[in-house]
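For reference, the structure is listed below as structure tokens.
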Amino acid sequence: MSEKKKIYKPSPISGFPEWTPDVRLVEQQWLDHIRRVFESYGYCNIETPAIEALDVIAAKGEDVDKEIYVLERLQADENDKKEARLALHFDQTVPLARYVAQHFNDLIFPFKRYQMQKVWRGERPQAGRFREFYQCDIDVINVDHLPLHFDAEMPAIIWQILSTLSGMKNEKIQLRISNRKILMGAMQALEIKNPVEVMRWIDKAEKLSEKQIFDGLLSANVEKNSIRPLLTFCEKKETGPQAGLNIYNHINSYSFCNDLMREGAEELMFVMDQLALLPANAAVADLSIVRGLDYYTGTVYETVFLDDPSYGSICSGGRYDDLAGNYINKHLPGVGISIGFSRLFDRIRQKGQLPLGKHSPADILVVMPNEDMRGVATETANILRQRYNVELSHGGKLKKQLATAEKKGIPYIWFPPFEDGLPHEVKNLATGEQTKADPNTWEASLRGTS
RNA sequence: GCGACUGUAGCUCAGCGGUAGAGCCCUCGGUUGUGAUCCGAGUUGUCGCGGGUUCGAACCCCGUCAGUCGCCCCA
């Protein structure tokens, strides 16, 4: 009877973030905000299962294999071996490809969809790097041909979201844009035979010293005479209203400029021209942007905090020529971008910039002086609930009830009449002001509190 | 998967060989129907886990697990 209970001390699992209610409240507001902007552009939502057949996920490439979580029952029986192996999805692009292939005949093209779900990656967690995190993806897929203006719509949507999220007001972010055709063309012109390895080094240009990059490219067997031209070529960055034309001219001025490079340059110019209305430095044409994943074939995007680019990209994506070629015999080009929601959110949280304070979605706490009044209080709460989020107090001393509202950040206390014939009263906790009010008609001045 | 560092109360940490501490948080109280301030009282720990050295270990040694930060890779 008095035997000591075994306690399993709770501890967080690294890389799997969870928040207290006040933080979660803001996280949900962020997700709602992103959803609203996506929908304001006419994109529809889909949700795919957390898992896919392992074969589907692993089709992406060897490099990601080691990060994939597979799913199995603790006690599998022999029949399980007949089932396909399952794995938690690693991103939302691969599930999208499968989804589009599977529902091809029921979708309306260009298919414009957004998707906000958790994804899982078996990485070593670090600041801004999780093993379970939200991604907010938005993509357009079309059959055979996808107009280029979608490549410009993606960063425009992203800019609108990032510049209006709560807590982001003082953050300087930058969308960096390039087009893979440019670098691919340049590597062709310079007769570089292992483009993937070379792109990796170019991608690291910001983190490493010039010498490190030089040596890296040398070890990647790039012709010594080609390294310097390649690096100076990639260093080019252009922002502002003339960015498109300037970057085009830069590329075109090179003696080794070929058709593929020119094609990429024209596309990049088009995208930059469409973004000319954004504030200075919001978007930059940056030839060092290549992205790690190998399925991108045209426009590529990356987004960083200008004061801390090494934190990593908080929003990346690009154009791919053929999304679902592995699953269906159709040519389906697409372009898409993904907000690394958790990385972005956690950064703002760590910097203490989230508008925290509320631990409850309630606008009003209806209190009661004693249990005899619970009936009246319940009735009052129900009336107010038609227009507000209302918590009915659990009772106890009035003093405690007020303190509860204070702690939970509920802005208003509602006092039902304590005796027949007396009026209702409502108290604004921030100002301390208490006034008579009618629950049917009272208007809260909630602006700015949520 | 590799390397460096760190594990003491819910949180931030002090203690570094001799009875386990502080601040914050939390709980209760400061009369009858009103929070934030103030005052008073109180609770909170296998000192990550296992072994070793020692009369004695939170402290020293070994191992292990977990976490943080770099690398790889990426949102």
Side-chain angles (χ1 to χ4, degrees), chain A residues 4-17 20 60-68 89-93 116-137 158 162 196 199-200 203-204 207-208 212 290-294 296 301-305 310-318 336-347 350 357 365 367-370 372-373 377 393 395-419 422 425-434:
Chain A
K4 205 173 179 186
K5 200 170 58 174
K6 172 80 179 171
I7 302 280
Y8 289 92
K9 196 174 182 182
S11 61
I13 301 174
S14 176
F16 290 77
T20 45
K60 199 164 174 177
E62 332 74 40
D63 244 4
V64 302
D65 277 10
K66 60 182 180 189
E67 299 192 359
I68 295 172
H89 59 222
F90 166 96
D91 68 4
Q92 293 175 122
T93 306
M116 308 198 301
Q117 293 180 231
K118 283 184 169 170
V119 304
W120 293 267
R121 295 184 188 179
E123 293 191 82
R124 199 100 198 116
Q126 280 168 40
R129 307 187 55 179
F130 303 98
R131 297 197 286 197
E132 175 181 79
F133 58 98
Y134 281 109
Q135 280 192 320
C136 304
D137 276 36
I158 293 304
L162 295 183
V196 174
M199 285 197 298
R200 289 245 168 91
D203 196 37
K204 288 178 192 170
K207 268 192 161 180
L208 303 179
Q212 283 172 305
V290 289
R291 301 270 67 228
L293 298 172
D294 46 358
Y296 295 122
Y301 316 102
E302 206 169 278
T303 313
V304 294
F305 290 103
S310 65
Y311 184 68
S313 177
I314 49 159
C315 183
S316 310
I337 194 162
S338 173
I339 301 174
F341 181 91
S342 301
R343 172 176 289 181
L344 176 64
F345 183 75
D346 197 43
R347 160 95 180 182
Q350 297 268 13
L365 178 72
V367 298
M368 63 199 81
N370 55 58
D372 294 344
M373 306 305 290
S393 173
K397 288 189 174 183
L398 205 51
K399 183 179 196 166
K400 290 273 180 196
Q401 299 182 54
L402 285 248
T404 295
E406 168 72 18
K407 274 191 292 189
K408 292 178 103 171
I410 301 173
Y412 293 99
I413 304 279
W414 195 278
F415 298 90
F418 294 141
E419 289 172 42
L422 293 178
E425 291 186 14
V426 62
K427 175 169 185 157
N428 178 331
L429 271 188
T431 63
E433 184 189 12
Q434 187 165 332

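Proteins get letters first, then strands, A, B, ... in listed order; numbering begins at 1 in each.
The CG-P distance, from A/Asp137 to B/A75, rounds to 10 Å in whole Å. Look at CD1 on A/Ile68: it is 13 Å from P on B/C74, rounded to the nearest Å. Atom C1' of nucleotide B/C69 and atom CG of A/Asp346 are separated by 15 Å, given to the nearest angstrom. Distance CZ (A/Arg124) to P (B/C74): 19 Å, rounded to an integer number of Å. Atom CD1 in A/Ile13 sits about 14 Å away from atom C1' in B/C65, given to the nearest Å. Atom CZ of A/Phe16 is separated from atom C1' of B/G67 by 15 Å (rounded to the nearest Å). The interatomic distance linking A/Gln126 (CD) with B/C72 (P) rounds to 10 Å, in whole Å. For A/Trp120 and B/A75, the CH2 to P distance is 17 Å, given to the nearest whole Å.
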All N/O pairs under 3.5 Å across the protein-nucleotides 31-41 of chain B interface:
| from | atom 1 | to | atom 2 | distance (Å) |
| --- | --- | --- | --- | --- |
| B/U34 | O2 | A/Lys427 | NZ | 3.1 |
| B/U34 | O2 | A/Gln434 | OE1 | 3.3 |
| B/U34 | N3 | A/Gln434 | OE1 | 3.0 |
| B/U34 | N3 | A/Gln434 | NE2 | 3.3 |
| B/U34 | O4 | A/Gln434 | NE2 | 3.0 |
| B/G35 | N1 | A/Leu429 | O | 2.5 |
| B/G35 | N2 | A/Glu406 | OE1 | 2.5 |
| B/G35 | N2 | A/Leu429 | O | 2.8 |
| B/G35 | N3 | A/Glu406 | OE1 | 3.0 |

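Where A/Pro125 and A/Phe341 meet RNA chain B, the nucleotide closest to each residue was compared, and A/Pro125 sits on the side nearer the 5' end.
Residue A/Arg200 places no side-chain N or O under 4.0 Å from the OP1 or OP2 atom of B/C72. Here A/Ser14 reaches the OP1 or OP2 of B/U68: one of its side-chain N or O atoms lies under 4.0 Å away.
No hydrogens or angles were tested; on distance alone, a donor-acceptor pair under 3.5 Å links the side chain of A/Arg343 to the base of B/C74.
Comparing B/C73, B/C74, B/C69 against the side chain of A/Glu123 picks out B/C73 as the nearest.
Within residues 310-317 of chain A, the residues having any heavy atom closer than 4.0 Å to RNA chain B are, in order of number, A/Ser313, A/Ile314, A/Cys315, A/Ser316.
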